[in-house]
Amino acid sequence: MTDTRPSLSAAISAALLTADPRAKVMAARDAARNWRLGRLSFGFETAMPDRPSWPNEPELLDPRNMPRRGKGGSEKGRLALWHALAHIEFVAIDLALDMAGRFGGKLGEEFVSDFMSVAADEAMHFAILDRKLRRLGSHYGALPAHAGLWETAERTSHDVAARLAIVPMVLEARGLDVTPATLERVRSQGDEDGAKILSRILDDEIRHVAIGTKHFVAICAENAESPEKRWKSLVREHFRGGLKAPFNDSARLAAGLSRDFYAELAT
Ligand SMILES: [Fe+2]
Ligand SMILES: [Fe+2]
């Protein structure tokens, strides 16, 4: 019998090519739910776009031209913080979708299910942060944002091991390092609602790093390679700038990322 269900890759590609932020959130969550419920076939005939579609705003700026975001509690500083976090989560939706759609055909159903669940989390994180911005009288797109986040995806689109080494195991792991301090600062400013948001995101991000690490280690095992050695060589090759200490060793370890991976690359 032929499979008449729509394919997963078509659903993922459609979500990647949706520019409007709220529509992208819906498309990503629908694709993840439809995959979970068996409504999409394990089909990979649709190629992933080189670049996802994004809204006209925010204006994307080279990191060097981004206005400095102070650590103070001014209203402007707070808006800049939530906006920057919303942007990271917005790009994270596309990164998770692209991971599943670009590499899932080779890596298999568990890989796909894992990264579709990550995409659904990132869509939720973005939606929560956009709501937070709206409560503060702003919205996603009101400020300029960092242009560089998709570059790592482009540099690693040929190699799933490289993509896993950089996106979950460097970038998302970096989130584990910096979020606790941000959370404490937000709480000390009396923003308990903001602290709750960050605490939820931190818990989910530990799971995302764990998923990335699990699949990276499995790929290395198949090739009889040391995961720590392979990871260090991929990070040196594909990630500009060393890894900034201090690290959140306990959160990283909870995600399966021991110091044997990263201590040597600390700057
Ligand atoms: Fe996230
Ligand atoms: Fe994440």
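In each ligand, atom 1 is the first atom listed, and ligand 1 is the first ligand listed. Model, not experiment: these values are computed from the prediction.
In this structure, the ring of Phe103 has its center no less than 6.0 angstrom from the ring center of Phe115.
No single ILVMFWY cluster, assembled from side-chain heavy atoms under 4.5 Å apart, contains both Leu129 and Met26.
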After noting the C-alpha distance and the side-chain angles of His158 and His238, does the key distance pass the ring-ring contact (aromatic ring centres under 6.0 Å, His included) rule?
CA-CA 12 Å; His158 63 290; His238 296 287; 5.7 Å; yes

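With sequence neighbours excluded, no residue forms a ring-ring contact (aromatic ring centres under 6.0 Å, His included) with His146. Scanning for side chain to side chain contact (heavy atoms under 4.5 Å, CB included) contacts around Glu264 gives Lys232, Arg236, with sequence neighbours left out.
Considering just the N/O/S atoms of Glu172, the one nearest the Fe ion (ligand 2) carries the name OE2. Between the Fe ion (ligand 2) and the N, O or S atoms of Glu122, the shortest distance is to OE2. The minimum distance between the Fe ion (ligand 1) and any N, O or S atom of His125 involves atom ND1.
Look at His208 and the Fe ion (ligand 1): no N/O/S atom of the residue is under 2.8 Å from the metal.
Rounding to 10 degrees gives 150° for the angle at the Fe ion (ligand 1) between OE1 of Glu89 and OE2 of Glu205.
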